[in-house]
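Not measured: the values here are computed from a predicted model. All heavy atoms count here, side chains included; hydrogens, waters and symmetry mates do not.
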Amino acid sequence: MADKFKLVAPFKPSGDQPGALDALCAGVLAGKANQTLLGVTGSGKTFTVAAMIERLQRPALIISPNKVLAAQLYSEFKTFFPDNAVEYFVSYYDYYQPEAYIPASDTYIEKDASINDHIDKLRLKATTSILSRPDTIVVASVSCIYNIGSPDNFLNMSLNIKRGQKADRKELTRALVHINYERNEMEFGRGTFRVRGANLDIFPADAETAWRVQLGDVVEAIKEVNPLTGDVIKDLPEIWVFPATHFVAAAGEVETAAKAIEEELAGRLAELKGQDKPLEAERLGSRVRYDLEMIRQTGYCNGVENYSRHLAGRAPGTRPDCLFDYFKKNFLLFVDESHVTVPQIRGMYAGDRSRKQTLVDFGFRLPSALDNRPLKFDEFEALRPATVFVSATPGPYELATCPRTDIVEQIIRPTGLVDPEVKILPVTGQIKALTAEILKRAAKKERTLVLTLTKKTAEDLSAYLTEKGLKAQYMHSDMDTLQRLDILSAFRKGEFDALVGINLLREGLDIPEVTLVAILNADNEGFLRSETTLIQISGRAARNLCGEVILFADRITGSMERAMSEMTRRRTKQLAYNKKNNIEPRSIINPRNGRPKRKSRPVQEEIVPDIYTARPTRLCRVRLLCYLHDLTVARHLVYYKWLQVWLQYGGNMTISQMMRATHMGVRELKNNLTGVLRAHKPVVATEHGKPTYFLLPYEDMVEIVEILEEARDSQLVSMVAEGRKAYGKGGWRPASKLWKKLDL
């Protein structure tokens, strides 16, 4: 374990990086609260930030505007600091429907969420590292301003077990239960423990390996073990077991909190009855009393975060604890893509307050639930330490907060690349012209980014390009985060030539293979075609020597004129620097930072003649005859309830509609699929009593990949697209190479 930050990189600061690094570090040491790094795309802003952390030797929190960019930054910082603790802290919901009430229709919407177990582990690991290691870097989304429980409770309730200390098995297991570990002798998973003879096995909530504590009169040995095989990895002198959730409280605090909740309930019930609201009073009383019983018995209940003010002992109206409170005061804050991130932080409180106030008014929650909230913007400003806003296009807040002398420009790229040239083509015939441009670059194995105005247009354009013989894929915000990462990884590998999107392609995407950025309807003045957006989108072509930007427009708007003027200013400065220093520009070559590739699993496949003729241009079928022990195949299966509902309605329901019709969430779906396979009941359609195919509309097949929690194989989308193309050539003709792409 390292105590100091050590930057590992095959290159040194160059271009504008040395000057920017010196200026920013000097500003932090001089006590400047706010600075801005104005760095163009491809200028190495991330490396400058990493070099700052190493030079100043301070822990750092880096806030990113979305999960995709956060994952990219996390991967880059893991590479830069292999010996230090680089952690990832984003929202752990794959699907989240917050609790809400709609008075107009008297509709109560219960909270429904699917928690990503892996991200939950990473969140716990992040807080554990902050509290236990001085060399911690956390890459986070704006979820870092939300309530996550008291850091004092989280630290004080951690369990320290040392070799040689007195051992009382009952006390140890009782302590584990109190910090929300569950005893499970059958399924040993994260956040559980089991007792086997003299051994106490603990699976930490924030780790991949488990601990085996050998007990006698004293703790005789502590070993790190493989949780599946039980093989010993190494011996340990001691371990720290941190709580399995962030919301924990000591036994005395629980009772104190329970009494405070009872007092608030009594006052609120009297208030509601005085307002002649007996229904609301009855509703609130029954709900809170049930939660109180759960809290007293287990220290936890569903929605326990709504009582966090009482559990943490905070006064009414005071801000909640968030990730900032886990850091010591002497840390650095970097706000990445600040022109997007700052407005996000500013808007979080109002939206949360509006929804919860309705719940309080109609008796679904106590008024104290309003204090389970994100930070207000003034609280965020008061709480943050020395801050560096990082952006290629700083927003009004950064420009107003930082004096001109504290805005450090990083215009020159280490590679010598200059901002791409901009060409304007008419809107009339833009699709035909776009297709020709993509074909030109596809022949050279180059990539193209296309920006549309709506999700529907992105999907339709992707389908159109595919029908024209191009390999194209769309990406938008309805997709699962990890699915987006896989699409980007496949794009970089060259599995398709054109990526069509809306606004997800603006900031930070590191795709050096892109040589063309095409912006449709660029003269449609508004947020999606503002000056900032146009500069950010154009920057995606700035990582390649052949980069070019095409704006399809019939007129030059004010935003277009300002954006092109700024890009020309930067380009002029970059060309002058290259000429003065005899620099020959070169394209950026970066390793593809994606999720680790899964190992192939054994899959049996069989190709048979086409037997379905209904709606031939809209159907796609997948044959999956798999080994039952291969549970990962659950990613690509449809639970039998869905199949029944789909057939019942003639195949006209989407996956989302089927989820609603069967009242099934993503988490429940995954558990059901796994359970079916374990029971040796393969879920497949049948014909004449024999297993045949999954018969699904093409759109639904793509949607499965977006929705299912574990469906992360972007190759499935390509496979379905190719299968659909085959219908236009005289029916279904699956080629062997097509089926090889289905690699579980």
Do Asn544 and Arg447 make a side-chain contact, defined as non-hydrogen atoms from C-beta onward lying under 4.5 Å apart?
no
On the 0 to 90° scale, with breaks at 30° and 60°, tag the Phe77-Phe80 ring pair as parallel, tilted or perpendicular.
perpendicular
Is it the case that the side chains of Thr48 and Gln410 hold a donor-acceptor pair, with the cut-off being a distance below 3.5 Å and no angle test?
yes
Nearest heavy-atom approach of Leu434 to Ala518 is CD1-CB, 3.5 Å
Could you walk me through whether Val427 and Asn521 satisfy the side-chain contact (heavy atoms from CB on, under 4.5 Å) test, starting with their C-alpha distance in whole Å, then the side-chain angles of each, then the deciding distance to 0.1 Å, before giving a yes or no?
CA-CA 6 Å; Val427 172; Asn521 304 103; 3.8 Å; yes
So, does Lys445 use its side chain to make a donor-acceptor pair with the main chain of Gly494 at under 3.5 Å?
no
Please name the pair of heavy atoms, one in Ser43 and one in Gln17, separated by the smallest distance, quoted to 0.1 Å.
O-NE2, 3.1 Å
Kindly compute the distance separating CG (Leu38) from OG1 (Thr393), expressed to the nearest 0.5 Å.
8.0 Å
Let me confirm one number: the CD1-CG distance from Ile63 to Leu69, rounded to the nearest 0.5 Å.
14.0 Å
For a side chain to side chain donor-acceptor pair (under 3.5 Å) check, start with the C-alpha distance between Arg540 and Thr41, then their side-chain angles and the critical distance, and finish with the verdict.
CA-CA 7 Å; Arg540 299 314 107 207; Thr41 300; 3.1 Å; yes
Does Glu525 form a salt bridge (charged side-chain N to carboxylate O under 4.0 Å, His left out) with Arg529? I'd like the steps, not just the answer.
CA-CA 6 Å; Glu525 186 77 88; Arg529 297 297 181 263; over 6 Å; no
Distance-only donor-acceptor check, side chains Glu398 and Thr36, under 3.5 Å:
no
Is it the case that atom CG in Leu575 sees more than 12 heavy atoms from other parts of the structure closer than 6.0 Å?
yes
Donor-acceptor under 3.5 Å (Thr568 side chain, Met564 main chain)
yes
How long is the gap from CG on Leu449 to CZ on Phe491, to the nearest 0.5 Å?
4.5 Å
Can you give me the closest heavy-atom contact between Val340 and Pro65, atom names plus distance?
CG1-CB, 3.7 Å
Paired with Arg413, the side chain to side chain donor-acceptor pair (under 3.5 Å) test is passed by just one of Asn578, Asp16, Asp419, namely Asp419
dist Lys444:NZ -> Cys546:SG (nearest 0.5 Å) comes out at 6.5 Å
Any side-chain donor-acceptor pair under 3.5 Å between Ser530 and Thr532?
no
Residue pair Phe552 / Gln430: nearest heavy atoms and the distance that separates them
CB-OE1, 3.2 Å
Given side-chain contact (heavy atoms from CB on, under 4.5 Å), test Ile438 with Val450 step by step and report yes or no.
CA-CA 10 Å; Ile438 296 174; Val450 184; 4.2 Å; yes
Might you work through the salt bridge (charged side-chain N to carboxylate O under 4.0 Å, His left out) test for Lys456 and Glu459, ending with a clear yes or no?
CA-CA 5 Å; Lys456 183 68 166 59; Glu459 295 174 7; 6.0 Å; no
Of the non-hydrogen atoms in Asp523 and Arg555, which two are nearest, and what is the gap between them?
O-NH2, 3.0 Å
Heavy-atom closest pair (Pro394 atom, His339 atom, distance to 0.1 Å) is C-CB, 4.3 Å
Would you find a donor on one side and an acceptor on the other, under 3.5 Å apart, between the side chain of Ser538 and the backbone of Leu534?
yes
Atom CZ in Phe496, atom OG1 in Thr448: separation rounded to 0.5 Å?
11.5 Å
Only one of Leu499, Ile487, Ile511 forms a side chain to side chain contact (heavy atoms under 4.5 Å, CB included) with Arg492, so which one is it?
Ile511
Distance in Å, Lys468 NZ paired with Lys432 NZ, rounded so as to fall on 0.5 Å steps:
9.5 Å
Electrostatic pair Glu548:Lys440 at N-O distance under 4.0 angstrom
no
Check whether Ser462 reaches the backbone of Ala458 with its side chain - one donor and one acceptor, N or O, closer than 3.5 Å.
no
